[in-house]
Amino acid sequence: MSMPRVNLVVVGHKDHGKSTLIGRLLYDSEAIPEQKLEEIRTELKQTGKTKFEFAFLLDSLEEERKGGLTIDIMQTPFKSKKYLYTIIDCPGHKEFIKKMLTGASQADAAVLVVSAKEGIQNQTRQHTFLIKTLGIEQLVVAINKMDEVAYKEDKYQETCKELEQVLRSLGYHDVPMIPVSAMKGDNVFKKSEKMQWYKGLTLIDTLDKNIIPHTLPINKPLRGVVQDVYQSEDNQEIVVCKIETGTLEVGKEVVFNPSGKKGFLKKLLAFGSSKEKAEPGDSVGLIVDEITAVERGEVLSYPENQPGKVKKFVAEVILFSGIKIENGDELIIRYGTAEKKCKVEKIISEIDPVNLTVRLKNPEVLKEEGVGEIEFLALEPICVEKYSDFPELGRFVIKGKRGTAAAGIVLEVRN
Amino acid sequence: MENYLQELEKKSIAIIREAKAQFKNLAVLWSTGKDSTAALWLCKKAFFGKIPFPVIHIDTSYKFPEIYAFRDKIAKEWGFNLIIAKNEKALKEGLSPEKGRLKCCTELKTEALKNLIKERKFDALILAIRRDEHGIRAKERYYSPRDENFHWNYKDQPAELWDLYVKPSEDYSHMRVHPILHWTELDVWRYVKEEGLPINPLYFAKDGKRYRSLGCMPCTVPIPSTASTIDEIIKEIETSKIPERAGRAQDKEKAYMMQKLRSLGYM
Ligand SMILES: Nc1nc2c(ncn2[C@@H]2O[C@H](COP(=O)(O)OP(=O)(O)O)[C@@H](O)[C@H]2O)c(=O)[nH]1
Ligand SMILES: [Mg+2]
């Protein structure tokens, strides 16, 4: 009854048909109630449009429909034979980086939409670079608007070839590429009659076949983050942790870092009962023997395998609009539940996310919406880890006045 | 409990705890409907049985008698601090849906809440909205800031990456926290069943009709249905092609009414 769930982000250059493709997926999978279709038909008629606009299934804001563009991300569920997908649509226009990352950070896999007519554009490269930076390894390409190139195979092949080069340079290999027309519905849910030369699967069948749902990192060393400390009615300290990796078991000795406080786990509290074990994703209450004053932000582990206290670390950083970073800046980063002060020791490089090259070495400033590698100096004890070891503790955000102002992925740590 | 329901629950509980840890003066909104009752239950679970902040019920005075009865019964049984928000001034002046629905909703719900927030200085509110309810709500974040006029700047929302829910240092007046944003209507009913949660009798079919979404009496119509148990409701939703809020006038009276309401601070 309950299908495995997959979060899918759709990226690509503006106007290449992301919203239309998602609309088509929702429409063909019958995820849209008839009443909503009727509402949209009426609205289209009132505004004098004759063809059905699939993007309206996603673009629900008045400004989005009138302007024919997506302003903010949208998440919608639909079902295939195998999975319950949540599909995330991203805007390609103003300030799309922060919006796209918001969507992509929730995704298990990505669909890259490239118009066969326009071919690879700036955002095609930029979006692919960004999802790769976020660690999304599962990718499927939809070569869209095949109807506009008369469903010609050579046009499809040409786009594929060009794209393969870009994908390879970013570390994506053997990516399936499906010729589709989101508008007409060819090869999305239904096999196209107009492209007999294409022998592969439809987009939805490719997704079903290739995408593996997220699995809980149960077999890794234990890591958890302290969310809060509550007082029980009998005045015991309940340390509330969210488990990120591994399994936490009652009776074992645990340690909190950076304070280094240790104790044996006496009890694991759930509401109305107690548990013997906790797994990734669980937010649980710990009663630990002889331990006091643990604080929000600390990292839980077993003594055999603890996170190090990091003095310096190198990260790939993606800035949103409204923030720039200079050498020597002091910043607050948030990883897990911790907020810690760091100093920008050195901006190692600025990366050109469109041409996928290093633009500058050792620049003084990383400007807004810039991407670069930065070396940070910890101004207080910090327990970040390498993203490739522990993604959950190897990603962080830089705090700005409005909250999240930049994203970071830890490449190297030095203790 | 089924695995996926556990996943939904875990995430929600973690978000509720994040909100409690980061904000000084938190409260949860409770309409007595199934979603906010589930959210209230999640709050109870998050704090091992006792909700450590106030529960707000916005009373338009046009609610069904069953809502008031259910509210008072649960409040007593669960033992939380219930605050009732009412726009007495507008009611005294005789405001009703006939004077215009946008105005009525805004005055009796949004304004009532605004006044209460100002008076009690809440800096964050937990709300049980879900993405699948409405196209506009699908654009929400788990942490969604509002200014003092309750304006929702939906075109320029802050980023929200992974599960790093960040409290901004300025540029907001209160935070809306949405712990069940990722649930669907069906998820909520399955959870209600699994957890044996109390449910307002209006949801169950009587004389061939039931309410699928609860609002004010003048603006909520029942749907044709024979579902009189939770199992039957689950079955009905699994096969239904009609949107959940089809019975709610404010969603469709005019195109974009919901968008306008929400940008003015509506839930
Ligand atoms: N001919 C044709 N037009 C398409 C197709 N997909 C999208 N479009 C049109 O391209 C325009 C941009 O599509 P949209 O989905 O808004 O692009 P987005 O910016 O990537 O979300 C709209 O006018 C669509 O109708 C397609 O497969 N064929
Ligand atoms: Mg779009």
Side-chain angles (χ1 to χ4, degrees), chain A residues 1-5 30 33-36 39 42-43 46 58-63 71-77 86 95 98-99 101-102 105-106 227-228 230 232-233 238 240 242 269-272 281-283 285 296 320 334-337 339 392 395-397 399-405 407, chain B residues 2-7 10-18 20-22 44-50 52 131-132 134-136 138-139 141 143 145 154-172 181-182 184 190 240-243 246 252 255-256 258-260:
Chain A
M1 179 178 86
S2 79
M3 292 170 129
R5 292 169 179 233
E30 296 178 4
E34 185 52 38
Q35 190 177 339
K36 180 151 180 194
E39 266 174 40
T42 313
E43 184 172 339
Q46 280 167 359
L58 282 302
D59 294 343
S60 51
L61 298 172
E62 189 168 5
E63 298 86 334
I71 290 171
D72 195 26
I73 56 165
M74 171 87 175
Q75 306 197 16
T76 329
T86 295
E95 285 207 62
K98 76 171 182 186
K99 293 171 183 173
L101 293 192
T102 295
S105 76
Q106 306 302 323
Q227 290 192 278
D228 210 341
Y230 305 151
S232 75
E233 272 167 17
I238 306 174
V240 175
K242 183 165 158 277
L269 295 182
F271 169 54
D282 282 342
S283 175
R296 172 173 164 86
F320 304 156
R334 159 85 185 257
Y335 66 92
T337 48
E339 294 191 355
E392 297 80 5
R395 56 200 183 199
F396 63 89
V397 300
K399 267 192 84 169
K401 286 176 190 151
R402 295 191 62 206
T404 299
Chain B
E2 262 201 86
N3 225 332
Y4 92 94
L5 276 182
Q6 279 182 31
E7 298 299 319
K10 284 177 188 180
K11 180 164 179 156
S12 302
I13 288 182
I15 291 168
I16 291 166
R17 287 175 168 162
E18 282 299 287
K20 177 73 180 77
Q22 294 189 75
K44 229 166 124 68
K45 279 192 137 176
F47 304 103
F48 305 107
K50 196 161 170 34
R131 280 193 194 108
D132 76 325
H134 198 284
I136 303 298
K139 298 204 182 264
R141 306 280 193 262
Y143 271 26
Y154 52 79
K155 282 198 235 174
D156 185 23
Q157 298 197 66
E160 193 164 77
L161 298 191
W162 302 294
D163 51 359
L164 302 176
Y165 308 109
V166 177
K167 176 184 166 179
S169 55
E170 53 183 70
D171 212 27
Y172 77 106
L181 197 57
H182 54 298
T184 64
R190 288 182 179 151
S240 166
K241 294 257 173 236
I242 299 163
K252 55 173 186 193
Y256 309 117
M258 187 66 161
Q259 177 182 342
K260 280 172 196 132

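Numbers restart at 1 for each chain; the letters A, B, ... are given by sequence-line order, proteins then strands. The figures here come from the full heavy-atom set of this structure, side chains too, leaving out hydrogens, waters and symmetry mates. Predicted model, so just to flag it, every value in this text is computed and none were measured.
- Between A:Tyr230 and B:Phe48, the ring planes lie perpendicular to each other; the angle is over 60°, past the 30° to 60° tilted range.
- Side-chain atoms of B:Arg17 and A:Gln227 form no donor-acceptor pair, as typed in the model, at a separation below 3.5 Å.
- Using a cut-off of 4.0 Å between Lys/Arg side-chain N and Asp/Glu carboxylate O, A:Lys98 and B:Asp156 are scored as salt-bridged.
- Between the CG atom in B:Leu164 and the NZ atom in A:Lys399 there is a gap of 11.5 Å [rounded to 0.5 Å].
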Problem set entry | A:Arg296/B:Glu18 under salt bridge (charged side-chain N to carboxylate O under 4.0 Å, His left out): CA gap, chis, key distance, verdict | CA-CA 10 Å; A:Arg296 172 173 164 86; B:Glu18 282 299 287; 2.9 Å; yes
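- Atom CH2 of B:Trp162 sits about 10.0 Å away from atom CD of A:Gln106, to the nearest 0.5 Å.
- Contact annotation for A:Ala270: only backbone heavy atoms (N, CA, C, O) come within less than 4.5 Å of a heavy atom of chain B.
- Heavy atoms of other residues, nucleotides or ligands lying less than 6.0 angstrom from CD of A:Glu233 number 12 at most.
- Two residues are said to be in side-chain contact when any heavy atoms from C-beta on lie closer than 4.5 Å; B:Lys20 and A:Asp228 meet this criterion.
- Most heavy-atom pairs under 4.5 Å with chain A: of the set B:Arg141, B:Gln22, B:Glu7, this distinction falls to B:Arg141.
- A:Thr102 places a side-chain heavy atom less than 4.5 Å from the side chain of B:Leu161.
- If you measure heavy-atom distances from B:Tyr172 to chain A, you find no contacts under 4.5 Å at all.
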